[in-house]
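Each chain gets a letter, A, B and so on, in the order the sequences are listed, and its residues count up from 1. It should be emphasised that the depicted structure is a prediction, and the values quoted were computed from it without experimental measurement.
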There are 2 protein chains.
Amino acid sequence: MRRISERVWAPGELIPGEVDLAQEFGCARATVNRALRQLAEAGLLDRRRKGGTRVARYPVRKATLDIPVTRLEIEGRGVPYRHTLLNREICCPPDSICEAMDVSQTTQLLHLPALHFADGKPFLYEDRWINTAAVPEIQDEIFSEINANEWLIEHALFSRGDIRFSAANATKKEAKILQCEAEQAIFIIDRTTWNKDQSVTSVRLAYAPGFHMRSQI
Amino acid sequence: MRRISERVWAPGELIPGEVDLAQEFGCARATVNRALRQLAEAGLLDRRRKGGTRVARYPVRKATLDIPVTRLEIEGRGVPYRHTLLNREICCPPDSICEAMDVSQTTQLLHLPALHFADGKPFLYEDRWINTAAVPEIQDEIFSEINANEWLIEHALFSRGDIRFSAANATKKEAKILQCEAEQAIFIIDRTTWNKDQSVTSVRLAYAPGFHMRSQI
DNA sequence: ACAGTTATTATGTGCAGACATAAAAACTTG
DNA sequence: CAAGTTTTTATGTCTGCACATAATAACTGT
């Protein structure tokens with residue numbers, strides 16, 4: 001890492017093989033392998049079999065950010081958390097959701113719009129659609145004690161998911177719900193999760209103005 | 001992973017030790033160790049010495065997203081890229097930058113606002129401040145062939161960085177630069193990078209309306 | 001000259017065994 | 001019984017070796 005950051009090994013340059021490095025540093029090849037693998041994961045190296053290891057031409061650091069559990073995020077700021085389920089119905093979702101979840105337009109999904117409060121003020125408007133075929137047990141849940149987000153975490157782990165971050169102007173409806181002015185800039189997260197090619201849930205998170213997401217790289 | 005997603009091992013539950021798992025799966029402990037370490041990195045397991053390994057109570061998947069190199073991002077979409085340096089001056093930055101970069105308010109920094117175009121249309125307005133004390137060579141660079149972002153990637157690797165994502169309404173100035181309407185929602189990335197406790201650069205990226213950042217989890 | 005085959009090689013992945021380390025558990029002592 | 005000490009234990013990390021695999025390089029025959 002020092003040699004990369006101090007340009008002893010320049011971007012794009014081929015670095016010595018594992019065996020050579022092991023000898024130079026006086027350790028086993030497995031140790032070198034692990035170190036190089038970590039640096040490759042971090043985006044600092046490009047490795048190819050037989051091709052050797054070279055410093056990434058664009059040493060793109062990867063930011064990792066946790067998918068937040070809203071309640072914990074709010075409680076972590078030291079303010080009280082509250083949660084309200086705004087509706088509960090089974091109906092056909094809009095086309096955008098059908099497409100995101102890869103279900104036919106005639107599929108009935110469970111619609112659970114909800115509002116999370118931090119310190120009594122609206123914090124996050126969550127517009128969630130759940131594929132009941134993937135988690136049939138959810139139909140018996142009332143969500144009085146626990147919110148949909150955490151229920152799903154406990155009962156329906158996913159194998160993969162798409163996540164999309166964007167900015168949008170608050171619609172009149174969103175402005176009313178989040179108690180802000182229409183057209184204010186809102187941070188949006190759209191997330192769809194899957195379990196073995198079956199979509200589990202698709203959710204649009206609209207954070208109240210002023211929200212920001214931090215990360216370290 | 002199957003046992004976690006199918007709740008054979010429930011959240012919070014202590015799973016067998018490495019030695020037991022190695023015996024059960026008929027492999028070496030090192031192999032089990034590597035598998036468990038990967039799952040812990042992914043956020044599915046919590047591990048502690050002596051304490052053992054347990055399924056994360058909130059199996060928070062971590063989204064990893066690359067810090068984008070704007071030119072590559074645009075060219076990756078198959079459209080031509082262009083870049084314009086809007087200004088170049090050495091002056092005292094606003095207080096917010098001084099605070100973010102941890103320099104005194106009398107420090108002179110290199111200010112390099114720039115505009116990136118995708119397919120001839122404004123794509124990203126980049127308001128960058130550079131600590132010339134950290135990268136003195138930059139004073140001799142003209143940025144005619146290469147933009148500041150890529151110059152820094154080639155010449156000044158950082159050891160760590162803070163990154164912040166948010167949404168903001170376009171100011172009149174930003175609207176004019178990005179050729180959009182004032183008050184439109186803009187996706188913002190604020191990033192400050194450091195090299196051994198010395199700030200290198202702080203940049204605010206304002207993406208044109210419609211931009212979104214994707215990731216997989 | 002060229003297509004097809006074979007050899008080489010750097011990384012990928014695995015094994016068995018060893019010692020290090022942190023934290024919990026058990027034990028001692030005033 | 002509380003405070004301090006020792007023991008135990010599960011993970012952390014390393015060594016040295018072996019074989020797998022993919023991609024390149026070298027070779028071959030027409």
Side-chain angles (χ1 to χ4, degrees), chain A residues 1-5 7-62 64 66 72 157 159-160 216-217, chain B residues 1-62 64 66 72 76 157 159-160 216-217:
Chain A
M1 195 154 184
R2 188 186 61 73
R3 288 185 186 179
I4 293 171
S5 70
R7 325 232 127 236
V8 180
W9 293 333
E13 185 179 332
L14 195 68
I15 74 171
E18 294 188 352
V19 181
D20 299 332
L21 290 174
Q23 187 167 13
E24 181 193 340
F25 285 96
C27 66
R29 189 171 83 89
T31 310
V32 173
N33 180 279
R34 191 172 154 189
L36 294 185
R37 176 133 34 93
Q38 277 185 21
L39 290 174
E41 258 170 46
L44 290 174
L45 294 177
D46 275 336
R47 318 194 72 197
R48 263 189 308 180
R49 265 188 192 171
K50 161 72 183 172
T53 302
R54 49 184 71 229
V55 180
R57 198 184 296 276
Y58 298 98
V60 181
R61 286 291 193 79
K62 285 168 176 125
T64 65
D66 302 357
L72 296 180
L157 280 190
S159 52
R160 66 187 174 87
Q216 296 268 321
I217 48 178
Chain B
M1 195 155 182
R2 188 187 61 72
R3 288 187 186 179
I4 293 171
S5 70
E6 292 180 5
R7 326 232 126 235
V8 180
W9 293 333
E13 184 179 333
L14 196 69
I15 74 171
E18 294 188 352
V19 181
D20 299 332
L21 289 174
Q23 186 166 13
E24 182 193 340
F25 285 94
C27 66
R29 189 171 84 91
T31 309
V32 172
N33 180 279
R34 191 172 155 189
L36 294 185
R37 175 133 34 94
Q38 277 184 21
L39 290 174
E41 258 171 46
L44 290 174
L45 294 176
D46 276 336
R47 318 194 72 196
R48 263 190 307 179
R49 264 189 190 167
K50 163 70 185 173
T53 301
R54 50 184 69 228
V55 180
R57 196 185 296 276
Y58 299 97
V60 182
R61 287 292 194 81
K62 284 166 177 135
T64 64
D66 302 357
L72 297 180
L157 280 192
S159 53
R160 67 188 173 86
Q216 296 267 322
I217 47 179

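A distance of 11.0 Å separates CG of A:Asp46 from CD1 of A:Ile15, quoted to the nearest 0.5 Å. Atom CG of residue B:Leu39 and atom CG of residue B:Leu45 lie 5.0 Å apart, to the nearest 0.5 angstrom. Between the OG1 atom of B:Thr53 and the CG atom of B:Leu14 there is a distance of 7.5 Å, given to the nearest 0.5 Å. Distance check: B:Trp9 CH2 to B:Met1 CE gives 13.0 Å after rounding to the nearest 0.5 Å.
Taking only side-chain nitrogens and oxygens, B:Arg34 comes nearer than 4.0 Å to OP1 or OP2 of C:dT13. Of the side-chain N and O atoms in A:Arg48, none sit less than 4.0 angstrom from OP1 or OP2 of C:dT11. Remark: A:Thr53 is in phosphate contact with C:dT11, judged by side-chain N or O atoms under 4.0 Å from OP1 or OP2. When the side-chain nitrogen and oxygen atoms of A:Asn33 are compared with OP1 and OP2 of C:dG12, one or more of them lie within a distance under 4.0 Å.
Heavy atoms of A:Gly51 sit nowhere under 4.0 angstrom from any nucleic acid atom.
When the P atom of C:dA16 is taken as reference, atom CD of B:Glu18 falls 14 Å away, rounded to whole Å. Put simply, CG on A:Leu45 is 11 Å from P on C:dG12, counting in whole angstrom units. A straight line from CD of B:Glu41 to C1' of D:dG12 spans 13 Å, rounded to a whole angstrom. Between the CZ atom of A:Arg49 and the P atom of D:dC19 there is a distance of 16 Å, rounded to whole Å. In this structure, B:Arg47 places its CZ atom 15 Å from C1' of C:dA23, rounding to the nearest Å. For the pair A:Leu39 CG and C:dT11 P, the interatomic distance rounds to 13 Å; values are reported in whole Å. In this entry the distance linking CZ of A:Arg37 with C1' of C:dT11 reads 10 Å, nearest Å.
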Using a cutoff of under 3.5 Å, can you pull out all pairs of nitrogen or oxygen atoms linking the protein to nucleotides 3-9 of chain D, with atom names and distances?
| residue | atom | partner | partner atom | Å |
| --- | --- | --- | --- | --- |
| D:dT9 | O4' | B:Lys50 | NZ | 3.3 |

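Without hydrogens or angle criteria, A:Arg57 side chain to A:Pro11 main chain gives no donor-acceptor distance under 3.5 Å.
Not counting sequence neighbours, the partners of A:Arg160 by the salt bridge (Lys or Arg N to Asp or Glu O under 4.0 Å) test are A:Asp197. Annotation: side chain to side chain donor-acceptor pair (under 3.5 Å) contacts of A:Gln216 (sequence neighbours excluded): B:Asp162.
Note on residues 31-42 of chain B: no pairs pass salt bridge (charged side-chain N to carboxylate O under 4.0 Å, His left out), not counting sequence neighbours.
Proximity of residues 20-31 of chain A to DNA chain C (heavy atom under 4.0 angstrom from any strand atom) is restricted to A:Arg29.
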Pairs under 3.5 angstrom only: tabulate donor-acceptor contacts from the side chains of residues 21-31 of chain A to other protein residues two or more places apart or in another chain.
| residue | atom | partner | partner atom | Å |
| --- | --- | --- | --- | --- |
| A:Glu24 | OE2 | A:Arg3 | NH1 | 3.3 |
| A:Glu24 | OE2 | A:Arg3 | NH2 | 2.5 |
| A:Arg29 | NH1 | A:Glu18 | OE1 | 2.4 |

